[in-house]
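Take a look at the structure below.
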Amino acid sequence: HDEEFPPRILDHVMKNAIKGDVTNVIDVIDKYCWSVEIAMNVGDVKGAILDKSFLEASPKNVLEIGCYCGYSALRMSRLLKEDAKIFTIEASSQYADVAQEIISFAGMEKKVQILRGLSDEVLPTIAEKCGVRTFDFVFIDHAKELYKRDLIMLENLGLIRQGTTIMADNVIFPGCPDYLEYVRNSPKFECTNYPSKLEYCENREDAMEKSIYLP
Ligand SMILES: Oc1cc(-c2ccc(F)cc2)cc2cccnc12
Ligand SMILES: [Mg+2]
């Protein structure tokens with residue numbers, strides 16, 4: 001990936017978006033990615049699918065794995081109910097720095113907490129660190145080869161509960177076949193697939209997978 005995209009998108013947001021207006025910041029990022037350069041945000045089309053599942057779940061404690069520039073955290077933050085919070089794990093400190101700036105610019109710094117580090121290093125202590133027992137909604141959007149490992153970790157650490165909604169991005173492209181096989185064959189998950197397109201593309205297929213945890 002283009003390591004210089006995050007600073008460019010941050011600069012573009014600071015110059016073109018309205019400070020404190022989270023919906024405008026989201027729109028400015030989408031317009032930039034459609035017109036100037038593509039980036040690995042979930043985007044507006046798949047973002048609408050995420051929004052719908054998020055609203056249905058109406059979660060209090062939200063976990064995101066893979067923050068990148070903070071785009072999906074912003075999408076979810078604007079739909080959060082009173083006293084609900086988003087915890088988002090980001091392994092790249094460069095991405096985390098940019099995400100923090102964009103989230104603060106949008107005025108959502110109190111609703112979104114970025115946890116810096118690798119998911120397998122952050123997850124074991126996240127409950128006590130964040131004062132959360134279980135998460136009501138999880139959005140998985142990081143390295144595709146880690147989806148299955150991290151979901152199993154969430155189960156083993158007791159971080160998900162009866163009815164927790166897990167949304168996974170990119171289950172077609174780049175794809176996470178072992179994750180899909182795991183959740184679809186497990187009696188503990190009720191799965192729904194949402195076919196869509198890769199972000200900011202018209203002609204490349206992708207999909208989101210919703211899995212409700214029913215142990
Ligand atoms: O939504 C995503 C898309 C891509 C991606 C990879 C190769 C491409 F040619 C285009 C897009 C990578 C991601 C990595 C992490 C989380 N999400 C991603
Ligand atoms: Mg993605």
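We count residues from 1, following the sequence as given. As the structure lists them, so they are numbered: ligands from 1, and atoms in each ligand from 1.
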> For ligand 1, which atoms sit closer than 4.0 Å to a heavy atom of Asp169?
Replying inline: 1 (O)
> At their closest point, which heavy atom of Tyr179 faces which heavy atom of Ala168, and how far apart are they?
Replying inline: CE2-CB, 3.7 Å
>> Once rounded to the nearest 0.5 Å, what's the spacing between atom CD1 of Ile102 and atom NE2 of His12?
In response: 10.5 Å
> So which heavy atom in the protein is nearest atom 3 (C) of ligand 1, and how far is it from that ligand atom?
Replying inline: Glu199 OE2, 3.1 Å
> If you measure from the Lys or Arg side-chain nitrogens to the Asp or Glu carboxylate oxygens, is any gap between Glu181 and Lys148 under 4.0 Å?
Replying inline: no
>> Looking only at protein heavy atoms, which one is nearest to atom 18 (C) of ligand 1, and what is the separation?
In response: Asn170 OD1, 3.3 Å
> Can you tell me if Glu199 has an N, O or S atom under 2.8 Å away from the Mg ion (ligand 2)?
Replying inline: no
> Would you call Lys46-Asp141 a salt bridge at under 4.0 Å N-O?
Replying inline: no
> Taking only heavy atoms of Leu198, which atoms of ligand 1 are found under 4.0 Å from at least one of them?
Replying inline: 10 (C)
> Tell me, which N, O or S atom in Asp169 is closest to the Mg ion (ligand 2)?
Replying inline: OD2
> With a cut-off of 4.0 Å, which atoms of ligand 1 are near a heavy atom of His142?
Replying inline: 15 (C), 16 (C)
> Does ligand 1 have a heavy atom under 4.0 Å from the side chain of Asp141, from its backbone, from both, or from neither?
Replying inline: both
> Closest heavy-atom contact between Lys85 and Lys110?
Replying inline: CE-O, 3.8 Å
>> If you count every heavy atom of other residues, nucleotides or ligands that lies below 6.0 Å from Lys81 atom NZ, does the total exceed 12?
In response: yes
> Does Lys144 have a heavy atom less than 4.0 Å from any atom of ligand 1?
Replying inline: yes
> Quick one: nearest non-hydrogen protein atom to atom 14 (C) of ligand 1, plus distance?
Replying inline: Met40 SD, 3.6 Å
> Vertex the Mg ion (ligand 2): angle to OD1 of Asp141 and OD1 of Asn170, to 10°?
Replying inline: 90°
> Quick one: which of Leu159, Val138, Asn61, Ile212 gives a side chain to side chain contact (heavy atoms under 4.5 Å, CB included) with Thr164?
Replying inline: Val138
> Is the NZ or CZ atom of Arg161 both under 6.0 Å from the centre of the six-membered ring of Phe135 and within 45° of that ring's axis?
Replying inline: no
> Nearest protein heavy-atom contact for atom 8 (C) of ligand 1: which residue, which atom, what distance?
Replying inline: Phe173 CE2, 3.5 Å
>> For Pro174, state whether at least one heavy atom is located under 4.0 Å from any atom of ligand 1.
In response: yes
> With a 6.0 Å cut-off on ring centres, are His142 and Tyr147 close enough?
Replying inline: yes
